Amino acid sequence: MDDPTRGIDVGAKAEIYRLIDELCGQGLAIIMTSSELPELITVCDRILVLCEGRQTAEFPRSEFTEQKLMEAATTVDAVPERPPQGD
């Protein structure tokens with residue numbers, strides 16, 4: 001989803017958030033981008049931050065703060081790639 005609530009009213013936003021939650025409850029994964037940092041903090045379980053096309057950070061929900069996310073979004077030092085994790 002690319003900025004799924006941009007330009008819509010509060011009621012429609014709430015409905016989209018409800019649908020996202022319902023889909024996740026069914027076991028689906030959703031990849032979402034948003035220009036609204038508070039929206040990401042509210043909706044996401046994990047946030048990967050990119051700067052200049054490179055991943056600079058990855059945060060689980062327990063570590064989300066606007067300050068940490070903004071710092072990661074403005075640094076060009078990419079985090080090293082992690083090896084794939086098994087299922």
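Only heavy atoms go into these numbers, but all of them, side chains included; no hydrogens, no water, no symmetry mates. These figures come from a predicted structure and were not determined experimentally.
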Is atom CD of Gln67 surrounded by more than 12 heavy atoms (other residues, nucleotides or ligands) closer than 6.0 Å? no
Determine whether more than 12 heavy atoms belonging to other residues, nucleotides or ligands lie under 6.0 Å from atom CG of Leu28. yes
Which heavy atom in [X] sits nearest to a heavy atom in [Y], and how many Å separate them?
X: Cys24; Y: Ile30; value: SG-CD1, 4.0 Å
X: Cys44; Y: Arg61; value: O-NH2, 2.5 Å
X: Ile16; Y: Pro4; value: CD1-O, 3.4 Å
X: Ala72; Y: Ala57; value: CB-CB, 3.5 Å
X: Phe64; Y: Phe59; value: CE2-O, 3.1 Å

Would a hydrophobic clustering, with Ile, Leu, Val, Met, Phe, Trp and Tyr connected at side-chain separations under 4.5 Å, put Ile41 with Leu48? no
Would you say Leu50 ends up clustered with Leu69 if hydrophobic residues are merged whenever their side chains have heavy atoms under 4.5 Å apart, either directly or through other cluster members? no
Is there a donor-acceptor pair closer than 3.5 Å between any side-chain N or O of Thr5 and the backbone N or O of Lys13? no
Is there a side-chain contact between [X] and [Y], using heavy atoms and a 4.5 Å cut-off?
X: Arg6; Y: Ser34; value: no
X: Pro60; Y: Arg46; value: no
X: Glu71; Y: Thr56; value: no

Euclidean distance, Asp3 CG relative to Glu39 CD, rounded to 0.5 Å: 7.0 Å
Return the OG1 to CG distance between Thr65 and Leu37, rounded to the nearest 0.5 Å. 9.0 Å
Candidate pair Val43 and Met32, rule side-chain contact (heavy atoms from CB on, under 4.5 Å), full reasoning: CA-CA 9 Å; Val43 174; Met32 177 177 151; 4.0 Å; yes
Less than 4.0 Å between a side-chain N and a carboxylate O, is that true for Glu15 and Arg18? yes
Can you tell which of Ile47, Val49, Thr33 makes a side-chain contact (heavy atoms from CB on, under 4.5 Å) with Leu40? Ile47
